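For reference, the structure discussed in these notes is given below.
Index from 1, following the sequence. Just so we're clear, the structure is a prediction, and the values are computed from it rather than from any experiment.
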Amino acid sequence: MRVHLVAAGKFHDIDFARLELLKLLAEQADIRTSVSSDYADLDALAAADLLITYTCDLMPRPAEADALAAFLARGGRWFALHGTNSVLEPLPDGTVRTPNAAPAVTAMLGTRFAAHPPIGPFKVFVTKGDHPMTRGLRDFRIEDELYLTRRTGEIDVLLHTQFTGDCPEFEDRSWDEAEVPVLYERAVGAGAVLYLTLGHCRGHYDLMPLAGFWPHPQRCGWNYPVFYELLRRGIAWGRPHAEAC
């Protein structure tokens, strides 16, 4: 099995997330992994069975988006994590706009990031319990960034949460959502996308230049065994001929 991992972007401890994902991939002796800090290695993508992305505010260029579309069309699987669908545009008043600046990519992913409230605890509900990603799981509580998204296509929600309130850091501020996707699957061509919004992490220096030393590193979902279980299941989901959709 060939996996291509793209781990890069802003405001997160990308080195930590990259290392943790590589540890999980190394648990499977038959997996061979290539690693990039952007989407430019099209040869590695073309050779892969599974693409894993942990990014923030990093979108593919048009030619790279075309390669992603071809990857999915021929049956590739894309396990997208946390901020993969995010574009961030700081505004003069200190808030952040999240425009749909890469519509071809967010159309493939099925959502685009819009906002999140401050990090805190929330409950995650099993929406569809008969899927390989959720079979045997129960509802659970977790402390993480609760990602709020706008849908750009049809998605099959597997885990969800709920949120009513304000996101003061974002232009898209006020929300009242009975079903916020936390984990979903989406068929694209002969392939599929699996998106898991959990997994924020931040070290001492990851907010620079917006802020200086951050005294308390954040690991959020990475502190919870259920998150690692979902990651392991996501890797298994990416195997050729694995059960999906």
- request: Could you tell me whether the side chain of Pro60 reaches within less than 4.5 Å of the side chain of Leu68, counting heavy atoms only?
  value: yes
- prompt: Distance only, no hydrogens: is a donor on one side chain within 3.5 Å (strictly under) of an acceptor on the other, for Ser86 and Asp57?
  reply: no
- request: For the residue pair Thr127 and Glu179, establish whether any side-chain heavy-atom pair is separated by less than 4.5 Å.
  value: yes
message: Any non-hydrogen side-chain atom of Thr84 less than 4.5 Å from a side-chain atom of Trp78?
response: yes
- request: Report the C-alpha separation of Leu21 and Leu81 in whole Å, then their side-chain angles, then the decisive distance to 0.1 Å, and conclude whether the side-chain contact (heavy atoms from CB on, under 4.5 Å) test is met.
  value: CA-CA 11 Å; Leu21 291 166; Leu81 299 169; 3.9 Å; yes
field: Pair Arg233 + Glu229: basic N to acidic O under 4.0 Å
entry: yes
query: Does the side chain of Phe79 reach to within under 4.5 Å of the side chain of Val3, using non-hydrogen atoms?
result: no
message: What I'd like to find out is whether the side chain of Glu145 reaches to under 4.5 Å of the side chain of Gln218, using heavy atoms alone.
response: no
message: Hydrophobic clustering (ILVMFWY, side-chain heavy atoms < 4.5 Å, transitive) - are Val6 and Phe16 grouped together?
response: no
field: Which atom of Leu148 lies closest to which atom of Cys167, heavy atoms considered
entry: CD1-SG, 3.4 Å
- request: Any chance you could measure Tyr228, atom OH, to Lys23, atom NZ, to the nearest 0.5 Å?
  value: 7.0 Å
message: Starting from Tyr39, can I reach Ile52 by hopping between I/L/V/M/F/W/Y residues whose side chains sit under 4.5 Å apart?
response: no
- request: Output the distance between atom OG1 (Thr149) and atom CD1 (Ile155), rounded to the nearest 0.5 Å.
  value: 6.0 Å
task: Have a look at Asn85 and tell me which of Thr111, Thr55, Thr98, Thr197 forms a side chain to side chain donor-acceptor pair (under 3.5 Å) with it.
output: Thr111
Arg151/Glu177 ion pair, N-O < 4.0 Å: no
message: Pair Tyr224, Glu143 - check side-chain contact (heavy atoms from CB on, under 4.5 Å), show working.
response: CA-CA 9 Å; Tyr224 293 79; Glu143 183 171 312; 3.5 Å; yes
- request: Specify the closest pair of heavy atoms between Ala80 and Leu109, including all atoms of both residues, with the distance to one decimal.
  value: CB-CD2, 4.0 Å
message: Treating Arg2 as the side-chain partner and Ala47 as the backbone partner, does any N or O pair qualify as donor plus acceptor under 3.5 Å?
response: no
- prompt: Taking the side chain as C-beta and beyond, is there a heavy-atom pair between Val96 and Glu169 under 4.5 Å?
  reply: no
- request: Return the minimal non-hydrogen interatomic distance between Val87 and Ala101, and the atom names on each side.
  value: CG1-CB, 4.0 Å
message: If hydrophobic clusters are built by linking Ile, Leu, Val, Met, Phe, Trp and Tyr wherever their side-chain heavy atoms come under 4.5 Å apart, do Val193 and Leu198 end up in the same one?
response: no
field: Donor-acceptor pair, side chain of Trp214 and main chain of Gly203, under 3.5 angstrom
entry: no
- prompt: Got a second to check how far Thr161's OG1 is from Phe140's CZ, nearest 0.5 Å?
  reply: 9.0 Å
- request: Side-chain contact test, heavy atoms from C-beta onward, threshold under 4.5 Å: evaluate it for Leu159 versus Val126 and give yes or no.
  value: yes
field: Distance in Å, Leu146 CG paired with Gln162 CD, rounded so as to fall on 0.5 Å steps
entry: 10.5 Å
message: Donor-acceptor pair, distance only, cut-off 3.5 Å: does the side chain of Arg74 make one with the backbone of Ala46?
response: yes
task: Can you label the angle between the Phe113 ring and the Tyr147 ring as parallel, tilted or perpendicular, going by 30° and 60°?
output: tilted
query: Would you say Asp172's side chain and Ala115's backbone share a donor-acceptor pair under 3.5 angstrom?
result: no
message: Is the positively charged end of Arg186 above the ring of Tyr195, judged by distance under 6.0 angstrom from the centroid and angle within 45° of the axis?
response: no
- request: I would like to know whether Asp206 and Cys201 meet side-chain contact (heavy atoms from CB on, under 4.5 Å); could you show each step before the answer?
  value: CA-CA 9 Å; Asp206 296 311; Cys201 57; over 6 Å; no
field: Main-chain N/O of Leu91 paired to Arg97 side chain as donor or acceptor, under 3.5 Å
entry: no
- prompt: Are Ile142 and Phe163 grouped together when hydrophobic residues (ILVMFWY) are joined by side-chain heavy atoms under 4.5 angstrom apart?
  reply: yes
- prompt: Can a cation-pi geometry be assigned to Arg150 and Trp175, taking NZ or CZ under 6.0 Å from the six-membered ring centre and within 45° of the ring axis?
  reply: yes
message: Rounded to the nearest 0.5 Å, what separates atom CE in Met133 from atom CD in Glu185?
response: 9.0 Å
task: Would you check if the side chain of Asp93 reaches a backbone N or O of Thr95 as a donor-acceptor pair within less than 3.5 Å?
output: yes
field: For Leu72 against Gly76, the heavy-atom pair lying closest together
entry: CD2-O, 3.5 Å
Sub-4.5 Å side-chain heavy-atom contact between Leu42 and Glu64: yes
query: Going by atom types alone, do His82 and His12 pair a side-chain donor with an acceptor below 3.5 Å?
result: yes
query: Does Glu154 CD have over 12 foreign heavy atoms under 6.0 Å away?
result: no
- prompt: Out of curiosity, does Leu194 fall in the hydrophobic cluster containing Val157 (side-chain heavy atoms, cut-off under 4.5 Å, transitive links)?
  reply: no
- prompt: Taking Thr152 for the side chain and Thr106 for the main chain, is one N or O donor matched with an acceptor at less than 3.5 Å?
  reply: yes
- request: Answer yes or no: is there a donor N or O on one side and an acceptor on the other, between the side chain of Tyr54 and the main chain of Leu5, under 3.5 Å?
  value: no
query: Is a donor on one side and an acceptor on the other found under 3.5 Å between the side chain of Asp144 and the backbone of His200?
result: yes
- request: Before giving the answer on side-chain contact (heavy atoms from CB on, under 4.5 Å), spell out for Arg239 and Asp49 the whole-Å C-alpha distance, their side-chain angles and the decisive distance to 0.1 Å.
  value: CA-CA 7 Å; Arg239 287 188 172 277; Asp49 303 299; over 6 Å; no
task: Please report the closest heavy-atom contact between Asp41 and Asp38, naming both atoms and the distance.
output: N-OD1, 4.4 Å
- line: Minimal heavy-atom distance between Ala8 and Leu58, with the atoms involved, is CB-CD2, 3.8 Å
query: Quick one: CZ on Arg202 to CZ on Arg219, what's the gap to the nearest 0.5 Å?
result: 11.0 Å
query: Has the side chain of Thr134 got a donor or acceptor atom that lies under 3.5 Å from a matching backbone atom of Lys128?
result: yes
